[in-house]
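Chain letters run A, B, ... following the sequence lines, proteins first and then strands; every chain starts at 1. These values consider heavy atoms only, across backbone and side chains, with no hydrogens, waters or symmetry-generated copies.
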Amino acid sequence: MDSIYWRSMVVALAVASGCARPLQQAQRVSTTNVATLRSAFGTAAETATASAAPVISDPTGWATLKGTFKLSGTAPERPQLNHLIDKDQAVCMPGGKPVLSDELVVDSATQGIRDVVIYLSGPVKFPVGDPKWVHEEYLASKDATLEFDQKACIFLTPMLAMRSSQKLNILNSDPVGHNTKIDATGRTQQLNATIPALSNTLYEPKGEAQEPFNVSCSIHTWMGARMIVRDSPHFAVTKADGSFEIKHVPAGVPLEFRVWQAKSKFLQDVSIDGKPQKWNRGRFKLQLKPDEIKDDFNVVVDAKVFGN
Amino acid sequence: MKRNFNLRRLGLALTALAALSGCGAPVADFRRYETYAHKVALSAGMEKGFTPTQRQDIDEAMQALFGTPDMPSLPAVEGIELGKIASLSRLKLAAGPVGSDEQGNPRGLYREHCAHCHGISGDGAGPTAAFLNPYPRDYRKGQFKFKSTPIGQKPTHDDLKKIVLEGIPGTAMPSFKLLPDLEVEAMIEYVKYLSIRGEVERGLLQAASNLDPDDKNARLISVLPANATTEQKAAQQEQIAAVKDVVKTVVERWDQAAGAVTAIPARPKMTKAELAASIKHGRELFFGTIANCIKCHGDSALGDGQTTDFDEWTKEFIDLGKDPKVVREFVSLGMLPPRTIRPRNLRQGIYRGGLRPIDIYWRMINGIEGTPMPALSTNVRKEGDPPEAKKLNPEEIWDLVNYVQSLPYDPINSPVEAYREAQILMERPL
């Protein structure tokens with residue numbers, strides 16, 4: 001008893017005497033581990049030969065993935081942004097027209113969720129250049145130039161998915177100047193360029209990102225869109241009725257997809273056929289048979305996920 | 001009781017010892033990148049954040065690659081001569097505690113001149129940081145504002161050297177022109193080292209968040225037991241390759257910087273009348289919809305056109321700061337309380353990136369990385385552009401530069417002149 005009392009006194013005093021309290025966590029390391037890792041990282045030549053590429057078996061054909069994303073429950077109201085519109089009102093809110101956030105758009109007739117992006121995220125090292133993995137139909141659009149327009153200070157494609165080999169023609173269909181700021185992550189190229197009224201600029205992403213990032217306009221700060229750039233062409237963005245389709249998915253191999261929505265970020269809690277699913281960090285795994293058309297991938301998301 | 005009395009004496013002695021021994025200078029240590037770890041965990045949807053094992057994996061990999069603040073090291077990168085970006089011998093002049101070696105060479109230059117603002121880890125959160133406006137740069141994001149290269153590219157060695165030599169007018173960043181060249185060089189290389197280190201830490205956190213959460217054996221990096229199986233060894237080789245890939249991606253961009261400098265056409269020589277005409281045209285462009293300067297710098301160029309935005313170092317964590325809970329979370333993790341970013345007041349004649357005309361040209365053509373200031377480069381006329389395309393000729397950017405440089409001397413800046421002008425106007429009504 002006594003010794004506990006004294007010990008706690010000593011500790012309390014030491015604490016109260018004012019030793020510097022680190023705000024942030026210091027690193028925690030084991031010196032032997034560090035030494036082992038250092039020699040592993042340091043010898044570049046050795047590891048280069050030793051690291052054999054992971055063996056992934058080739059796909060045996062192509063399949064199609066189709067489905068919908070729908071909301072169960074009441075859709076949250078889309079917030080109005082008009083109070084943020086502090087300049088160019090004549091163009092951005094003509095006649096005081098309400099401007100709504102497009103972070104979450106639910107179709108009132110079908111309960112479909114618009115702008116959910118579904119993209120192939122694995123196997124980890126996706127062999128993009130390999131024709132066994134990318135169907136020839138995707139070749140034609142490999143270096144296509146897509147369009148990304150803004151009108152009445154709204155990005156007309158709120159969720160854009162594109163391939164890293166493609167180009168993007170960023171248009172400004174407004175009589176006022178914009179600037180398009182692409183806060184790219186990963187290997188994707190950043191951009192922050194002024195786009196004169198009724199003009200355009202060309203953007204090349206050059207590399208892929210692991211998850212979607214923001215697109216904004218520094219002049220009109222309420223404007224926002226999301227974008228993802230992938231090396232592989234296997235992705236889709238849901239339409240207004242919540243439907244999507246990914247064609248020519250490599251079949252006969254285990255695949256991993258990720259699902260992201262602007263408000264919920266990675267979708268984790270969903271249900272399919274009434275069965276709840278836990279998509280850890282937005283991932284689901286799937287293996288399709290050659291020529292299979294899986295058209296019943298109908299996902300229901302509870303309104304609670306979006307805070308309603 | 002006798003026993004109790006003895007115990008009490010012992011306790012008193014111990015307490016006195018604890019109180020008098022002081023705390024001593026803590027060993028300098030790189031801090032974890034807590035804010036970014038939190039951001040990554042949030043955006044990856046990791047409900048419980050990183051596990052202690054995952055954090056330790058990253059800590060150990062970081063230390064194996066970059067050493068400690070007292071003992072820096074550099075990783076081997078395939079195909080890139082890292083010595084050209086930062087050499088270990090110069091890093092050692094900047095690293096460690098302040099002092100000198102037996103030959104009188106300096107040691108600890110970074111801690112002597114930089115760390116009190118920029119922090120030991122280069123996180124821009126040294127002891128004085130909170131009292132400064134603007135806050136000191138956090139190097140770990142790998143972004144620098146004042147450079148000759150486009151957005152997305154690293155600054156060149158000369159860009160950083162200019163900042164260290166000249167300082168940044170209008171901020172707390174002083175000039176280090178009085179230091180010997182070798183010491184300046186050592187500090188610049190140390191800044192690059194901290195920046196590369198920070199970017200690699202970001203990359204590793206990102207990579208760790210992308211590991212398969214359902215696979216319990218998925219690790220960023222693992223140290224193998226002596227009796228490891230072939231499978232474990234193969235898995236480790238893959239992990240090492242992945243970490244090295246992260247390092248290479250970062251270092252490659254620094255390696256490319258020197259080749260990415262934006263070339264600037266020579267400034268045209270002008271007579272007084274030509275300069276006046278150039279300033280007049282520059283003013284039209286300033287108010288026009290191609291360059292669009294007034295939208296942020298304001299109708300009177302006082303920098304009051306757009307005052308609600310943030311810089312990228314802040315925005316990447318809190319977006320536009322609409323959610324106070326998110327702001328509090330990041331502040332509690334070490335982010336300095338967010339401040340909005342103001343466009344430059346162009347009537348003061350203070351140019352942070354330098355007052356040479358070429359500096360201002362670079363700011364316009366390339367934009368300012370990490371800030372809302374966009375680049376004009378995509379709007380400069382190139383061969384083959386149709387004549388009706390809304391583009392600026394390269395010399396028109398010089399007109400803009402001339403106009404911006406004339407603004408501090410604009411008569412309306414001086415109350416006396418402004419009054420005189422107003423009187424002239426009143427006597428001769430329009």
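Using a 4.5 Å cut-off between heavy atoms, Thr194(A) contacts chain B through both its backbone and its side chain. Residue Arg28(A) touches chain B through both its backbone and its side chain, counting heavy-atom pairs closer than 4.5 Å. With a 4.5 angstrom heavy-atom cutoff, Ser30(A) touches chain B via backbone and side-chain atoms both. Of the two parts of Asp88(A), only the side chain, counted from C-beta on, holds a non-hydrogen atom closer than 4.5 Å to a non-hydrogen atom of chain B.
Judged purely by distance below 3.5 Å, without hydrogens or angles, the side chains of Gln190(A) and Gln143(B) pair a donor atom with an acceptor atom.
The closest donor-acceptor contact from the side chain of Asn192(A) to the backbone of Glu369(B) lies at 3.5 Å or more, if one exists at all. Gln306(B) places a side-chain N or O within donor-acceptor distance of the main-chain N or O of Ser218(A), the cut-off being under 3.5 Å. With Arg38(A) contributing its side chain and Ser73(B) its backbone, the two residues share no donor-acceptor pair below 3.5 Å.
Close approach to chain B, defined as a heavy atom under 4.5 Å from one of its heavy atoms, is seen in Thr201(A), Gln210(A), Glu211(A) of residues 200-213 of chain A, taken by number.
Of the listed residues Ile368(B), Leu74(B), Asn292(B), the one with more heavy-atom pairs under 4.5 angstrom with chain A than any other is Asn292(B). Note: Ser43(B) leads Cys296(B), Gly367(B), Pro75(B), Ser43(B) in heavy-atom pairs under 4.5 Å with chain A. When each of Gln206(B), Met62(B), Glu312(B) is checked for heavy-atom pairs under 4.5 Å with chain A, Glu312(B) comes out on top. Ranked by heavy-atom pairs under 4.5 Å with chain A, the list Arg253(B), Lys391(B), Arg202(B) is led by Arg253(B). Of the residues considered (Thr308(B), Thr371(B), Leu42(B)), Thr371(B) shows the highest number of contacts with chain A, using heavy-atom pairs under 4.5 Å. Counting heavy-atom pairs under 4.5 Å between each of Ile58(B), Ile151(B), Val243(B), Asn210(B) and chain A puts Asn210(B) at the top.
Counting all heavy atoms, side chain and backbone alike, Lys315(B) lies closest to Ser216(A) at NZ-OG, 4.4 Å. Residue Leu37(A) comes nearest to Ala64(B) through the heavy atom pair CB-CB, 3.7 Å, listed as atom of the first residue, atom of the second, then distance. Across every non-hydrogen atom of Pro374(B) and Asn179(A), the tightest pair is CB-ND2, 3.6 Å.
Contact check for Asn379(B) versus Pro196(A): side-chain heavy atoms found under the 4.5 Å cut-off. Side-chain contact check for Thr221(A) versus Phe310(B): every heavy-atom pair is 4.5 Å or farther apart.
The side-chain hydrogen bond (donor to acceptor under 3.5 Å, both in side chains) search around Thr307(B) returns none, not counting sequence neighbours.
No salt bridge links Glu47(B) with Lys265(A); every basic N to acidic carboxylate O contact stays at or beyond 4.0 Å. Here Arg187(A) pairs with Asp245(B) in a salt bridge; the nearest charged N to carboxylate O distance falls below 4.0 Å.
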